[in-house]
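Scroll down for the structure; my scribbles are underneath it.
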Amino acid sequence: MPKLKVDGVEIEVPAGATVLQACELAGKEIPRFCYHERLSIAGNCRMCLVEVKPGPPKPQASCALPAADKQEIFTNSPMVKNAREGVMEFLLINHPLDCPICDQGGECDLQDQSVAYGRGQSRYSENKRAVTEKYMGPIVKTVMTRCIQCTRCIRFAEEVAGVEEIGAIGRGENMQIVSYLEHAVTSELSGNVVDLCPVGALTSKPYAFEARPWELKKTLTIDVMDAVGTNIRLDSRGRQVLRALPRINEDVNEEWASDKTRHAVDGLVRRRLDKPYIRKDGRLTEASWDAAFLAISQVDAGASVAAVAGDLVDCETMYATKALLGSMGSTLLEGRQTGMDYDTSSLAAVNFNTTIAGTEKADVILIVGSNVRWEAPLVNTRIRKAIKKGAKVFAIGPETELTYKVEWLGADLGVLGNLPEAVTEAFAKAERPMVIVGGAGLKALGAALALVPSLGLVKDGWNGFNVLHMAASRMGGLMLGYAQKGGIATWLRPSRSSLSSWARTKSISARLRIRSKSISAIMATRGQRQRTWFCRRRAMPRNPAPMSISRPGAARRARRLPAGRCPRGLDDPARSVGRDGQDAAVRYDRGTARGDGGRYACARNAGAGDVRLGTACARRGRCGRDRRLSDQGFLSDERDLSRVADDAALLG
């Protein structure tokens, strides 16, 4: 390992490290624009200049210079200071003077480094160059006059996203960054170029002119738009969530986030269920929270009560619902809303055992029934890393563009029982083989599990069998027992006498009336379009923050928002409760936009049927504007629930 001196301090650095990395190990700050730890080295901004001895008597770019033994590096010499001031002056020659109206203001690297390393004045008096704005789609806003050609966006698109749709045209002063034929960038990770851009040439179009960074309250939490569990930071102003940004977690998302994760916050203020509804005379009518829970408590003792967990529900809500049903004498719990039935006796059979970070170490991968690029974009980036190290990828399913070379084996899951010889040979030679079973592949989970011994997926310190779920609450639900033998279809399957009327019925409410003799109520914790954070009042400090589990041993908590500061939309998924005998359905959610909802139920003295209610909102009644539920929005949710029952009946 080379030993060198940085400003007189001797340090030892790993072999292959650059001078810039050596300076950072010594605690020195080196300014940079083009260099990024997760991208290839470009060396074209020249801001990271340092003086190196032995070497030529001129400053050198530290990002592209290998660290060598017995080097002496100077980061604050007069030569370095003068060179950095000259580079900064050069970069600002054509940069517009629009900092007060720039979206990047307050979190701009160019602003910070200009103050720290610039001269404070410019000797350039010629006309500035102007560049027309480019179109990169509905997510990325461009003001290309600000661009300093650092090429971070180009390298990210090619190396991480795998979509080569951003490039540079022209030379010298005429160089411009454009998308391919100026079309929208199709990558599901395109929003990350906004974070990478150091000058405000690429900014977030939905967030444009919404707020300044110093106005925002920052809440660290976990994304629930997929089963990856991306670490994110929510920025809110007052009660409004304005944006979601990724946080660094090397084991999960590194420092990237999918576009769905970033922009799902746009739906947090629209079409939300913010009050309970009870079905009376065939119509859903508004009701109080007391009336909603009263409908639950009036279910006859011994009658069947079922709970269906939504895709975004946190573990605490599922646990509380399970306890509530237990007090009512029911064990009917289900979280697989599609009616899929697979064995959950061993969590290892439905777990992502390799871990997300471990995917990079695989040397041969078989993907079964999954479009990883869209179902889990950040797992797809890990597969790309494995391919760069020499991994080979096979796939079973409809052919699609996964941003890397794949050998497709066909769309029939029956191929699992008779894999081609090339596949078996590749797995036989592999030290770290890996199989990824997606949502469509779960239909053949038994056949996939049979491959474990034949392909040698389990070795010392390595388990290469993985199930890639698409719902954030799936693993937590399976661990809590939200998986009944036969699935949801067994609850809704009609008797022979009512089969004809069942087949003619489209509405889930009507279908439930047909089954009213066996199921008295269905409690559904909804969450298809909603996130799972919510506020608690200050009187209950012991309540834990919402937990999500992407795999056993990887439980992550979202930091709870302070009492009285619950941004609109950060609430629990809506739940629906229906009592068939009385043709009633109650639909509600916890932590509402108005703040008058926020309730939870804990059942005590179950024998006496006593259900105690506790308030979970700090400011009741007047902490926000009343967001009434539109008929269109509610009917959309009603159709979704009906579709679940229709699918379940077909699968049954």
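The basis for the numbers below is simple: all heavy atoms, side chains too, and nothing from hydrogens, waters or symmetry mates.
In this structure a side-chain-to-backbone donor-acceptor pair under 3.5 Å is present from N466 to G464. Side chain of S179 to backbone of Y135: a donor-acceptor contact under 3.5 angstrom is found. Judged purely by atom type and a 3.5 angstrom limit, S473 uses its side chain to pair as donor or acceptor with the backbone of D311. Listed for the T381 side chain is a donor-acceptor partner under 3.5 Å among the backbone atoms of L378. Checked by atom type and distance alone, the side chain of R32 pairs as donor or acceptor with a backbone atom of I30 at under 3.5 Å. Distance alone, capped at 3.5 Å, places no donor-acceptor pair between the R233 side chain and the L220 backbone. Under the 3.5 Å distance criterion, the side-chain polar atoms of S62 are matched with a main-chain donor or acceptor of C48. No donor-acceptor pair under 3.5 Å is formed between the side chain of S236 and the backbone N or O of R239. R432 places no side-chain N or O within 3.5 Å of a backbone atom of N463 that could act as its donor or acceptor partner. In terms of modelled atom types and a separation under 3.5 Å, the side chain of N44 and the main chain of A42 share no donor-acceptor contact.
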Side-chain polar contacts of residues 99-108 - donor-acceptor pairs under 3.5 angstrom, sequence neighbours left out - could you list them?
from, atom 1, to, atom 2, distance (Å)
D103, OD2, K141, NZ, 3.1
D103, OD2, T203, OG1, 3.3
Q104, NE2, C197, O, 3.2
E107, OE1, R243, NH2, 3.3
E107, OE2, R243, NH1, 3.1

Result block: side-chain N/O donor-acceptor pairs under 3.5 angstrom for residues 1-13, not counting sequence neighbours:
from, atom 1, to, atom 2, distance (Å)
D7, OD1, T75, N, 2.9
D7, OD2, T75, OG1, 2.5

Can you list, pair by pair, the side-chain donor-acceptor contacts under 3.5 Å of residues 146-157, counting residues two or more places apart and other chains?
from, atom 1, to, atom 2, distance (Å)
R146, NE, D98, OD2, 3.0
R146, NH1, G200, O, 2.9
R146, NH2, D98, OD2, 3.0
Q149, NE2, M175, O, 3.4
T151, OG1, R155, NE, 3.3
R152, NE, F33, O, 2.7
R152, NH1, L196, O, 2.9
R152, NH2, F33, O, 3.1
R152, NH2, Y35, O, 2.9
R155, NE, T151, O, 3.2
R155, NH1, C34, O, 3.2
R155, NH1, S40, O, 2.5
R155, NH2, C34, O, 2.6
R155, NH2, C150, O, 3.0

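One distance of note links CG of L189 with NZ of K260; it measures 12.0 Å at 0.5 Å rounding. Taking CZ of R373 as the reference point, atom OG of S258 lies at 12.5 Å (rounded to 0.5 Å). A distance of 12.0 Å separates CG in L202 from CG in N192, rounded to the nearest 0.5 Å. Within the model, atoms CD1 of I222 and CG of N253 stand 8.0 Å from one another, a figure rounded to the nearest 0.5 Å. A distance of 9.5 Å separates CG in D223 from CG in N231, rounded to the nearest 0.5 Å. Taking CH2 of W374 as the start and CG of N380 as the end, the distance is 10.0 Å to the nearest 0.5 Å.
Counting non-hydrogen atoms of other residues, nucleotides and ligands closer than 6.0 Å to NZ of K361 gives a total of 12 or fewer. By the neighbour-count criterion of 12 heavy atoms within 6.0 Å, atom CD of E133 is densely surrounded, having more than that number from other residues, nucleotides or ligands. Counting heavy-atom neighbours within 6.0 Å of K128 NZ, excluding the residue itself, gives a total above 12. Counting heavy atoms of neighbouring residues, nucleotides and ligands inside a 6.0 Å radius, atom OH of Y180 does not exceed 12 of them.
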* Would you sort out whether N76 and V80 count as a side chain to side chain contact (heavy atoms under 4.5 Å, CB included), showing the intermediate values? => CA-CA 6 Å; N76 292 315; V80 172; over 6 Å; no
* Asked: How far apart are the C-alpha atoms of E159 and L39, what are their side-chain angles, what is the distance that settles it, and do they pass the side chain to side chain contact (heavy atoms under 4.5 Å, CB included) test?
  -> CA-CA 7 Å; E159 300 167 12; L39 304 176; 4.0 Å; yes
* F352 and T359: side chain to side chain contact (heavy atoms under 4.5 Å, CB included), yes or no, with the steps? -> CA-CA 10 Å; F352 204 88; T359 304; 3.7 Å; yes
* **V265/L242 under side chain to side chain contact (heavy atoms under 4.5 Å, CB included): CA gap, chis, key distance, verdict** => CA-CA 7 Å; V265 296; L242 295 178; over 6 Å; no
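Between M47 and D109, the closest side-chain pair of non-hydrogen atoms is not below 4.5 Å. Side chains of E215 and R212 form a contact here, defined as non-hydrogen atoms less than 4.5 Å apart.
Legend: residues meeting side-chain contact (heavy atoms from CB on, under 4.5 Å) with E360, ordered by chain and number and at least two apart, are E254, R382, K385, K389. Every residue two or more places apart in sequence or in another chain that forms a salt bridge (charged side-chain N to carboxylate O under 4.0 Å, His left out) with R119 is listed here: E85, E89.
By the 4.0 Å N-to-carboxylate-O rule, K81 lies too far from E51 to be salt-bridged with it. Salt bridge E255/R38: present, at least one basic N to carboxylate O contact under 4.0 Å.
The side chain to side chain contact (heavy atoms under 4.5 Å, CB included) test with V241 is passed by exactly one of L216, D235, L234: L234.
Between S190 and D259, the side chains place a donor N or O and an acceptor N or O closer than 3.5 Å (distance only, hydrogens not considered). Neither side chain, S187 nor E165, offers a donor N or O lying under 3.5 Å from an acceptor on the other.
In this structure, N127 and N94 approach most closely via the heavy-atom pair O-OD1, 4.4 Å.
For residues 69-114, the set of pairs meeting the ring-ring contact (aromatic ring centres under 6.0 Å, His included) definition, not counting sequence neighbours, is empty.
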